[in-house]
Every structure is written in C-alpha cells, then in structure tokens.
Amino acid sequence: MIAFVSGPVAALAPDSAVVEVGGIGIAVQCTPNTLSGLRLGEQAKLATSLVVREDSLTLYGFADDDERQVFELLQTASGVGPRLAQSMLAVHSPDALRRAVATGDEKALTAVPGIGKKGAQRLLLELKDRLGEPVGAPAAAAPAASGWRDQLHAALVGLGYANREAEEAVAAVAPQAEAAGGTPQVGALLKAALQTLNRAR
C-alpha cells in the first residue's frame with residue numbers, strides 16, 4: 001500500500017492534485033481543505049489511501065494520518081464508499097465527525113451531500129464505537145463559518161488564479177454561502193467560484 005506521497009506539486013484541480021514522485025506524476029484525489037494547503041511547484045507530503053476496484057486504482061490524499069484513518073474507518077460502515085467518505089471529510093473535520101457521532105448529531109451528517117435522514121441514523125449507530133473520541137479542542141470547529149472565505153481564497157490562489165480574481169470569486173459566491181447558513185460546504189463553493197471565473201474569462 002502507498003502510505004504517503006511526497007514531492008513538488010505539479011498540477012492542481014478542483015478535486016485532485018498531481019504530486020511528482022521520482023519523475024512520475026501521481027494523481028491524488030483530495031478534499032478542498034487539503035487542496036487549499038497546496039501550492040504549485042512547492043513541496044507537499046500527503047498521507048494516502050489506495051482504493052482498488054476491478055476497473056480502477058484511485059489514490060486518495062489527506063493533510064495528515066488522522067484524516068486518512070477516519071476516511072478508512074468511515075468505509076467500514078455499510079453503504080459508505082470512498083467518495084462518500086471523502087465528501088464527509090470535505091464537509092467536516094475528523095474531530096467534527098467524531099463529535100457528531102459521539103453526540104448523535106444527525107443534522108451534522110445530513111449536511112453531507114448523499115446522506116439522508118435514514119442514512120444518518122444508520123451511520124450514527126454503526127460508527128458509534130469505531131471513530132473514538134475527539135482528539136482536539138471543541139473550539140476548533142467554531143470559526144469555520146467565517147473561515148470558508150480564507151479556505152476558498154487559498155484554494156483558488158493554489159489553482160493559479162490571481163489574488164484579485166480569487167477575491168472577486170469569493171465575493172460572488174458569498175450570497176450562496178450565507179444562504180446555506182451554519183458552516184458552508186467549501187467544496188460546493190469552490191465549484192461555484194470556478195464557474196464564475198470561467199464565465200469571466
């Protein structure tokens with residue numbers, strides 16, 4: 001198994017990065033939060049999880065080992081594949097997921113695209129003894145409501161857009177983020193921001 005990849009970032013896309021390892025470009029599927037910490041041409045080290053299917057080999061990348069471990073634990077629940085597990089981590093940090101499961105927070109799970117009320121109830125039951133206790137301070141989740149702007153701006157700059165373009169795109173999707181209430185989904189906002197930038201060019 002490939003435990004991590006390390007090397008310069010050769011390319012960035014809305015849902016993946018290419019890391020150059022020994023002259024080979026390794027494509028890694030990542031959440032917007034992980035991508036926002038990467039910069040073209042700069043060194044990166046991503047913890048990875050290889051998902052093998054009959055027709056594909058997909059490498060998923062994470063900012064740290066904890067995120068990867070939660071990604072793999074989520075898939076032990078029935079009906080959770082790698083894509084849904086990654087969506088859960090795109091919306092919530094590992095600790096936020098642990099808190100949601102520990103407190104039976106159904107609403108937090110239904111905030112993830114693809115999880116309905118019944119699915120959330122089943123996941124809360126199945127994951128209760130698997131994810132463990134939150135490891136960080138609970139306060140860490142609080143600033144996320146305003147933090148989406150910084151995450152989105154960093155992700156756009158990382159994708160090669162100028163500061164001014166990134167600021168305009170963030171402003172363009174702000175009404176959508178505010179309409180969502182609570183903690184907006186950075187992944188959905190990134191897609192919307194890229195659409196506005198493509199229209200502007």
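This one's a predicted model, so the numbers in the text were calculated from it and none came from an experiment.
- Distance alone, capped at 3.5 Å, places no donor-acceptor pair between the Arg122 side chain and the Ala77 backbone.
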*Apply the test side-chain contact (heavy atoms from CB on, under 4.5 Å) to residues Leu156 and Leu194: give CA-CA distance (whole Å), side-chain angles for both, the deciding distance (0.1 Å), then the verdict.*
CA-CA 8 Å; Leu156 290 167; Leu194 288 169; 4.0 Å; yes
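- Linking Ile, Leu, Val, Met, Phe, Trp and Tyr residues whenever their side-chain heavy atoms come within less than 4.5 Å places Ile24 and Leu40 in a single cluster.
- Side chain of Glu42 to backbone of Leu38: no donor-acceptor contact under 3.5 angstrom is found.
- Heavy-atom minimum distance, Leu74 versus Leu89: CD1-CG, 4.4 Å.
- No continuous path of hydrophobic side-chain contacts links Phe4 to Leu50 [ILVMFWY only; heavy atoms under 4.5 Å].
- Distance alone, capped at 3.5 Å, places no donor-acceptor pair between the Ser16 side chain and the Gln29 backbone.
- In the displayed structure, Arg130 atom CZ is contacted under 6.0 Å by more than 12 heavy atoms of other residues, nucleotides or ligands.
- Contact record, Ser49 with Glu72: OG-OE2, 2.9 Å, taken as the closest heavy-atom pair.
- With Glu67 contributing its side chain and Ala63 its backbone, the two residues share a donor-acceptor pair below 3.5 Å.
- Here the side chain of Ser87 pairs no donor or acceptor atom with the backbone of Pro113 at under 3.5 angstrom.
- When all heavy atoms of Pro32 and Leu190 are compared, the closest pair comes out as CB-CD2, 4.3 Å.
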*Could you walk me through whether Asp95 and Arg99 pass the side-chain contact (heavy atoms from CB on, under 4.5 Å) check?*
CA-CA 6 Å; Asp95 262 3; Arg99 269 193 295 279; 4.0 Å; yes
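- Nearest heavy atom pair, residue Ala47 against residue Arg68, reads CB-NH1, 4.1 Å.
- Looking only at distances, a side-chain donor or acceptor of Arg39 sits under 3.5 Å from a matching main-chain atom of Ser36.
- Residues Gln43 and Pro8 come closest through the heavy atom pair NE2-CD, 3.6 Å.
- No donor-acceptor pair closer than 3.5 Å links the side chain of Gln176 to the backbone N or O of Val173.
- The minimum heavy-atom distance between Thr76 and Glu126, with the atom names listed, is O-OE1, 4.3 Å.
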*asked:* Determine whether Ile115 and Met88 satisfy the following criterion, side-chain contact (heavy atoms from CB on, under 4.5 Å), listing intermediate values before the conclusion.
replied: CA-CA 9 Å; Ile115 298 180; Met88 291 169 80; 3.9 Å; yes
